[in-house]
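For clarity, every value in this text was computed on a predicted model and none was experimentally measured. Worth knowing before you read on, the calculation uses all heavy atoms, side chains too, and leaves out hydrogens, waters and symmetry mates.
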There are 2 protein chains.
Amino acid sequence: MTTATLVPVFAALGDETRWNILAALGEGEASASALARRLPVTRQAITKHLAVLQEVGLVEPVRVGREIRFRVIASQLSETARRLDVIGARWDRRLAAIKQIAEDL
Amino acid sequence: MTTATLVPVFAALGDETRWNILAALGEGEASASALARRLPVTRQAITKHLAVLQEVGLVEPVRVGREIRFRVIASQLSETARRLDVIGARWDRRLAAIKQIAEDL
DNA sequence: GCCATCTGCATCCGGATGGTTGCACAATCC
DNA sequence: GGATTGTGCAACCATCCGGATGCAGATGGC
């Protein structure tokens with residue numbers, strides 16, 4: 001679960017490279033080195049990004065022999081979407097109410 | 001509609017102050033000056049944030065007399081949530097498939 | 001045991017970013 | 001018409017951030 005606070009999750013998702021990493025991980029678990037081979041960035045850069053993604057619970061490390069692979073935690077994405085949807089709905093209601101009031105004038 | 005590219009929207013949502021502004025706008029339309037009065041930041045800072053929010057279609061300016069009020073576009077929030085949910089679902093399927101393969105070994 | 005490979009840590013760098021201050025300009029209300 | 005209030009623009013500042021380099025340490029294959 002680790003329901004991370006919402007804002008940092010969005011901050012993590014607000015970077016193109018991070019999405020590329022997530023997309024690459026969609027093909028299956030991969031280590032930082034492996035990711036560095038198929039993406040146009042250094043391993044160290046990838047490591048930092050993975051740390052950010054792990055911090056907000058979007059990704060999870062798995063030790064395999066001497067390497068550390070990472071896998072996407074899809075549920076965290078869904079959870080974030082759900083929470084954002086709730087917020088959106090709340091605003092919809094509020095705005096609808098305001099509009100109603102305005103029209104009643 | 002203005003289906004802004006997803007990543008910049010997340011980047012915009014990845015800032016605490018911006019959420020405070022959105023929350024304040026939830027009470028109803030407000031100008032940059034008005035927001036500056038009830039938030040612990042300068043009007044100019046707020047103006048910049050509003051520009052970012054407007055850029056990604058989360059907020060919309062409305063001219064009222066000599067002031068420019070801003071209102072939240074709730075549909076953009078819902079839309080973003082929907083798109084994120086689709087991505088999450090895709091990952092869920094993919095991960096389920098991978099798990100299936102692993103178990104079949 | 002040795003070499004190849006993967007990870008970790010520290011440092012450095014340029015650009016973006018959140019924020020401020022200061023000033024000029026526009027419009028509105030009385 | 002004048003003072004008040006709202007906006008716009010520019011410069012400046014500190015910090016964060018994405019990224020690169022370099023080097024040291026760990027670990028596994030053969």
Side-chain angles (χ1 to χ4, degrees), chain A residues 4-25 27-73 80, chain B residues 4-25 27-73 80:
Chain A
T5 19
L6 203 54
V7 178
V9 178
F10 286 129
L13 292 177
D15 182 275
E16 198 79 44
T17 306
R18 235 117 61 191
W19 276 100
N20 290 337
I21 292 179
L22 288 176
L25 288 183
E27 310 290 323
E29 302 176 354
S31 68
S33 301
L35 288 169
R37 264 177 248 122
R38 61 206 308 269
L39 291 179
V41 273
T42 320
R43 169 184 67 90
Q44 287 80 348
I46 300 228
T47 300
K48 286 188 189 175
H49 285 303
L50 285 173
V52 174
L53 291 172
Q54 181 178 350
E55 187 78 20
V56 300
L58 280 170
V59 118
E60 184 181 47
V62 183
R63 175 141 223 136
V64 177
R66 73 171 153 180
E67 58 186 289
I68 299 176
R69 302 200 183 147
F70 288 82
R71 82 157 60 110
V72 177
I73 304 179
T80 302
Chain B
T5 19
L6 204 53
V7 178
V9 178
F10 286 129
L13 291 176
D15 182 276
E16 199 80 43
T17 306
R18 235 116 62 188
W19 276 100
N20 290 336
I21 292 179
L22 287 176
L25 288 183
E27 310 290 322
E29 303 176 354
S31 67
S33 302
L35 288 170
R37 263 178 248 122
R38 61 206 308 266
L39 292 179
V41 272
T42 320
R43 170 182 64 89
Q44 287 80 347
I46 301 230
T47 300
K48 287 187 188 176
H49 285 302
L50 285 173
V52 174
L53 291 172
Q54 182 178 350
E55 186 78 19
V56 300
L58 280 171
V59 118
E60 184 181 48
V62 183
R63 175 141 223 138
V64 177
R66 72 172 154 180
E67 58 186 289
I68 299 177
R69 302 201 184 146
F70 286 82
R71 83 156 62 110
V72 177
I73 305 180
T80 303

N/O contacts under 3.5 Å, protein versus nucleotides 7-13 of chain D?
unit_1: D:dT7; atom_1: OP1; unit_2: B:Ile68; atom_2: N; d: 3.0
unit_1: D:dT7; atom_1: OP1; unit_2: B:Ile68; atom_2: O; d: 3.4
unit_1: D:dT7; atom_1: OP2; unit_2: B:Ser33; atom_2: N; d: 3.2
unit_1: D:dT7; atom_1: OP2; unit_2: B:Ser33; atom_2: OG; d: 2.3
unit_1: D:dT7; atom_1: O4; unit_2: B:Arg43; atom_2: NH2; d: 3.4
unit_1: D:dG8; atom_1: N7; unit_2: B:Arg43; atom_2: NH1; d: 3.2
unit_1: D:dG8; atom_1: O6; unit_2: B:Arg43; atom_2: NH2; d: 2.7

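Between B:Val41 and B:Asn20, the closest side-chain pair of non-hydrogen atoms is not below 4.5 Å. Two residues are said to be in side-chain contact when any heavy atoms from C-beta on lie closer than 4.5 Å; A:Ile73 and A:Leu58 fail this criterion. Looking only at side-chain heavy atoms (C-beta outward), B:Leu35 and B:Phe70 stay at 4.5 Å or farther from each other.
Atom C1' of nucleotide C:dG19 and atom CG of B:Asn20 are separated by 15 Å, given to the nearest angstrom. Rounded to whole Å, the distance from CZ on A:Phe70 to C1' on C:dG8 is 12 Å. Atoms CG (B:Leu39) and P (C:dG18) sit 15 Å apart, rounded to a whole Å. Here the P atom of nucleotide D:dC17 and the CG atom of A:Leu13 are 15 Å apart, to the nearest Å. Atom-to-atom, CD1 of B:Ile46 to P of C:dT17 comes out at 18 Å; the value is rounded to the nearest Å.
Side-chain atoms of A:Trp19 come within 3.5 Å of backbone atoms of A:Leu13 as a donor-acceptor pair (strictly under, hydrogens ignored). In this structure, B:Ser31 contributes its side chain and B:Ala34 its backbone to a donor-acceptor pair below 3.5 Å.
Put simply, A:His49 has no side-chain N or O that comes within less than 4.0 Å of OP1 or OP2 on D:dC17. For D:dG6, one of the phosphate oxygens OP1 or OP2 lies less than 4.0 angstrom from a side-chain nitrogen or oxygen of B:Arg37.
Remark: A:Arg69 engages A:Glu67 in a salt bridge (charged side-chain N to carboxylate O under 4.0 Å, His left out) (not counting sequence neighbours).
Atom CD of A:Glu60 sits about 9.0 Å away from atom CD of A:Glu29, to the nearest 0.5 Å.
When all heavy atoms are compared, the tightest approach of A:Val72 to A:Val59 is CA-CG2, 4.1 Å. In terms of heavy-atom proximity, B:Arg18 sits nearest to B:Ala12 at NE-O, 2.9 Å.
Comparing D:dA20, C:dT20, C:dG18 by their nearest atom to the side chain of A:Thr42 picks out D:dA20. For A:Asp15, counting side-chain heavy atoms from C-beta on, the closest listed nucleotide (C:dG18, D:dG18, C:dG19) is D:dG18.
Sequence order on DNA chain D of the closest nucleotides to A:Gly65 and A:Pro40 puts A:Pro40 first from the 5' end.
Across its full length, the helix from C:dG1-D:dC30 to C:dC30-D:dG1 shows an angle of 30° between the axes of its 5 terminal pairs at either end, rounded to 10 degrees.
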